[in-house]
Structures are given as C-alpha cells and as structure tokens.
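Structure, as structure tokens:
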Amino acid sequence: ITQKKKEKAELEKALAREQMEKTEIDENEIMFFLTRLKAGDIEDIKYRRALIAIFINAVYLYDDRATIVFNASDKAVTVDYDIVDGTVIADSCPSGKCSYMKASAPP
C-alpha cells in the first residue's frame, strides 16, 4: 500500500507538471494566426517551409504512389496519391471527402 501511495503521488506530480505546460489558445489567437498565414508571400521559401511544417506530418514516396500524412486534428489524416495517373486513391480518403483536383507542384 505504501508503494502504491508513493506511485500515486509521483503520478499526481507528473500530471500537475503536464497541466502547467498545457497552452490554452483562444479564438482571437487562432484568427490572428490564420490571418497572418493567409497573408504570407507564396514566393518566400521560408513561408513555404512554414506551411509544410504546420500542415504536413510526413510524406512517404513509393514507386507508384505517394502517401501524405496531414496534421489535421488529434488524429492524422492520410491521403494516398497515385503517381502514375495523378489521382487520389479513394480508399485512403476519410469519409470519401478528398479532393480529386489535379494541380501542378510549385517550382
């Protein structure tokens, strides 16, 4: 019992530390961030890299397809893109709501 009480106290301390580090963001801060993001210069390489860092978690390249993992929410969204014919593979789209629009990559 003494050991379990000690473990409980350590876990409560760890929980308190984690809660102190938790950052709360209000609606105004989110709107400010998105407005600034929208106003960025697409020709600026630093801006492009920031967009990738913010929205893309990983990119996996295969011989015939690419898998892109987006930072969309608590659960990452994965989209498979068929390199050969340039379409999104339907089975990889959550709820079938992926865009099938083709666009050329930036230079």
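What you are looking at is a predicted structure, and each value in this text was computed from that prediction instead of being measured. Along the sequence shown, residues carry numbers from 1.
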Requested in this report: Using the test side-chain contact (heavy atoms from CB on, under 4.5 Å), find all partners of I1 that sit at least two apart in sequence or belong to another chain.
Outcome: K5
Query - Those residues that, when tested against F32, pass side-chain contact (heavy atoms from CB on, under 4.5 Å) (two or more places apart) - result: R36
Query raised in the report: For atom OH of Y60, is the number of surrounding heavy atoms from other residues, nucleotides or ligands below 6.0 Å larger than 12?
Result: no
Requested in this report: Check the surroundings of atom CD in E7: do more than 12 heavy atoms from other residues, nucleotides or ligands lie under 6.0 Å from it?
Outcome: yes
Is there a chain of hydrophobic side chains (I, L, V, M, F, W, Y, each step under 4.5 Å between heavy atoms) that links [X] to [Y]?
{"X": "F70", "Y": "Y62", "answer": "no"}
{"X": "I30", "Y": "L51", "answer": "yes"}
{"X": "F33", "Y": "M31", "answer": "no"}

Report task. Evaluate the side-chain proximity of I68 to I56: yes if any heavy-atom separation is below 4.5 Å, no if none is. Result -> yes
Atom pair [atom1] ([X]) and [atom2] ([Y]), whose distance is rounded to the nearest 0.5 Å:
{"X": "I42", "Y": "Y47", "atom1": "CD1", "atom2": "OH", "result": "5.5 Å"}
{"X": "D41", "Y": "K46", "atom1": "CG", "atom2": "NZ", "result": "12.5 Å"}
{"X": "R17", "Y": "K13", "atom1": "CZ", "atom2": "NZ", "result": "8.0 Å"}
{"X": "Q3", "Y": "K8", "atom1": "CD", "atom2": "NZ", "result": "15.0 Å"}
{"X": "D64", "Y": "D80", "atom1": "CG", "atom2": "CG", "result": "9.5 Å"}

**Report entry** Co-members of L15 in a cluster of I, L, V, M, F, W and Y side chains, linked at under 4.5 Å
**Finding:** none
**Report entry** Side-chain donor/acceptor of N71 to backbone N/O of I54, under 3.5 Å
**Finding:** yes
